[in-house]
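I have placed the structure first, in the form of structure tokens, so that the comments after it can refer back to it.
The sequence lines fix the lettering, A, B, ..., with proteins before strands; numbering per chain opens at 1. Note that this is a predicted model, so its numbers are computed, not measured.
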2 protein chains.
Amino acid sequence: MTEQPAPTTAAGDPATARGEQTRQLIRDTAMRLFRERGYAQTTMRAIAQEAGVAVGNAYYYFGSKDHLIQEFYAQSQVEHRAAAQPVLDREEAFGPRLAGVLHAGIDVLTPSHGFAATFFKTAAEPTSPLSPFSAESSGPRQAAIELFAEVLTGSTAKVDAELRPQLPELLWLAYMGVVLYWVHDRSPGQTKTRQLIDGVVPLIDRLVALSRLRVLRPVTQQVLDLIRTLRH
Amino acid sequence: MTEQPAPTTAAGDPATARGEQTRQLIRDTAMRLFRERGYAQTTMRAIAQEAGVAVGNAYYYFGSKDHLIQEFYAQSQVEHRAAAQPVLDREEAFGPRLAGVLHAGIDVLTPSHGFAATFFKTAAEPTSPLSPFSAESSGPRQAAIELFAEVLTGSTAKVDAELRPQLPELLWLAYMGVVLYWVHDRSPGQTKTRQLIDGVVPLIDRLVALSRLRVLRPVTQQVLDLIRTLRH
DNA sequence: GTCGGTAGTTGAACACGTTCAAGAAGGGCA
DNA sequence: TGCCCTTCTTGAACGTGTTCAACTACCGAC
């Protein structure tokens, strides 16, 4: 039921735990089949057969078919982080940094649009460990929020002192919104999602800048109070 | 597979189509069991047995277990409309009207919080006919948007002329956001969702009022352009 | 009244995700 | 080498949602 501790597999290291090979084999086979046939059309029996193991063996490593999704989730997060690095190195202004990181996220997801859309329904269920808000996803989620913290800290943007600590999580929330739109985006190449990013980033940028204005201080305060209340 | 035409069942009218009784029996049994045991724990066999029909018969009226959810969906929309009526009759200002209608929606959903949360995952899948954005749900969706149009038209609020036609759909979208929060809301009695409504309505109210300001005209324009682009 | 066609109904059968008791493989220790 | 314990592996079996060929009930037409 519980996950393996994943002993920091160094490149080419043969001294991994006994089952680590099998685990990766099953995971990679599943990812391939998901991409080839889609999530629903890929049966656990097919995954096991293609991987050359028994069905029960897959369940030794992954508690359920859904847990294989979580694997995809974590993997995407790592790829997103890597794809964002050049942007963080290159850009200095807040807007371009944010836009670049959002685009990088969609870049990473794009090859999986077909089946990612299908499985995002599981992520939406609150009781599921797969929900991006769940305790089980807190690892990848924290990593993602950290990425948006870097968007902020590395930028030249001047941000209201009270807003600053809340902002990374808010940006992550906005990213979740973008992903939600992307999942439903049927335009060719999901170009509308790109337009959404390019359209919404300047607005966020402007909003963040405005938050420091004396006149808008009460509103900013009101929003921040609300957010703090709604947090768990 | 397809739905029955639902021949406007007048109260006490015995001259309904032959299967209409069975259809309602199955639907009501399903709703009861969903509430009693939750969605996943209610099997199609249990529904059929409790309703006193064969399993296959349920599939004659409802294409799948998921389609029973759509029934719940439509039913909730009707109840929401009814629960909102007193508010629409009583309130004149935009803010209270909106708050009242949002609260009414949550009022209607509250008794089903346990199982509604579970099934909302199905609604999140873009390919599913159950998605609130899908063509199949366009009936209930249009009705819901119409409800928010009434919030606006009946109010004394002065709204930017260009924003006005877009606003009902935007308010509906905000309502979807509230519902999404509600689904994940684990606070006792979902009080946090109530706080969300009470906190966010004044913000929307203020934002709508501000949209008419000369200084903010470019921003309003920018937002409206973006929305029009992202629409299908 | 009987015939024919549509609407409604049945339950066994299928494929799937998941479980679990049983066993195999490996490695540390005497 | 022999033993034991943990880790890993197996595949039959269970309960589920869903399908479908067969059957029954009803109703209008003649």
- Item | Aromatic ring proximity Tyr39(A)/Phe34(A), centre distance under 6.0 Å | yes

- For dT9(C), take OP1 and OP2 only and decide whether either is under 4.0 Å from a side-chain N or O of Tyr60(B). no

- Message: Going by ring-ring contact (aromatic ring centres under 6.0 Å, His included), name the residues that satisfy it together with His80(A), two or more places apart in sequence or in a different chain.
- Response: Tyr175(A)

- Task: Check whether any side-chain nitrogen or oxygen of Asn57(B) sits under 4.0 Å from OP1 or OP2 of dG8(C), and answer yes or no.
- Result: no

- Can you name the residues that form a salt bridge (charged side-chain N to carboxylate O under 4.0 Å, His left out) with Asp28(B), not counting sequence neighbours? none

- Query: When every nucleotide of nucleotides 22-28 of chain C is labelled 5' to 3' by its protein contacts under 4.0 Å (heavy atoms), B for base, S for sugar-phosphate only, - for none, what sequence of letters results?
  - Reply: ----S--

- Note on the structure: Out of dT9(D), dT10(C), dT10(D), minimum distance to the side chain of Thr22(A) belongs to dT9(D)

Show me the side-chain donor-acceptor pairs of residues 142-152 of chain A shorter than 3.5 Å, one per line, residues at least two apart or across chains.
{"from": "Glu150(A)", "atom 1": "OE1", "to": "Arg81(A)", "atom 2": "NH2", "distance (Å)": "2.8"}
{"from": "Glu150(A)", "atom 1": "OE2", "to": "Arg81(A)", "atom 2": "NH2", "distance (Å)": "3.1"}

- Message: Please determine whether a side-chain nitrogen of the Lys or Arg among Asp185(B) and Arg194(B) lies less than 4.0 Å from a carboxylate oxygen of the Asp or Glu.
- Response: no

- Could you list the residues that satisfy side chain to side chain donor-acceptor pair (under 3.5 Å) with Arg27(B), not counting sequence neighbours? none

- Message: Rounded to whole Å, how long is the line connecting atom CZ of Phe62(B) with atom P of dT19(D)?
- Response: 15 Å

- Item | Protein-nucleotide distance (Gln49(A), atom CD; dG11(D), atom P), rounded to Å | 12 Å

- Sequence-distant partners of Ser112(A), side chain to side chain donor-acceptor pair (under 3.5 Å), two or more places apart: Arg35(A)

- Results of side chain to side chain donor-acceptor pair (under 3.5 Å) for Gln166(B) - residues two or more places apart only: Arg231(B)

- Message: I need the CD-C1' distance between Glu20(A) and dT9(D), as an integer number of Å.
- Response: 16 Å

- Write down the distance between CD1 (Ile69(B)) and P (dG17(D)), rounded to a whole number of angstrom. 12 Å

- When rounded to whole Å, the CD to C1' distance for the pair Gln21(B) and dA25(D) reads 14 Å

List, one per line, each side-chain donor-acceptor pair under 3.5 Å for residues 46-58 of chain A, sequence neighbours excluded.
{"from": "Glu50(A)", "atom 1": "OE1", "to": "Arg32(A)", "atom 2": "NH2", "distance (Å)": "2.8"}

- Item | Contact letters for nucleotides 13-19 of chain C, in which S counts primed atoms plus P, OP1 and OP2 and B counts the base, heavy atoms under 4.0 Å | B--BBBB

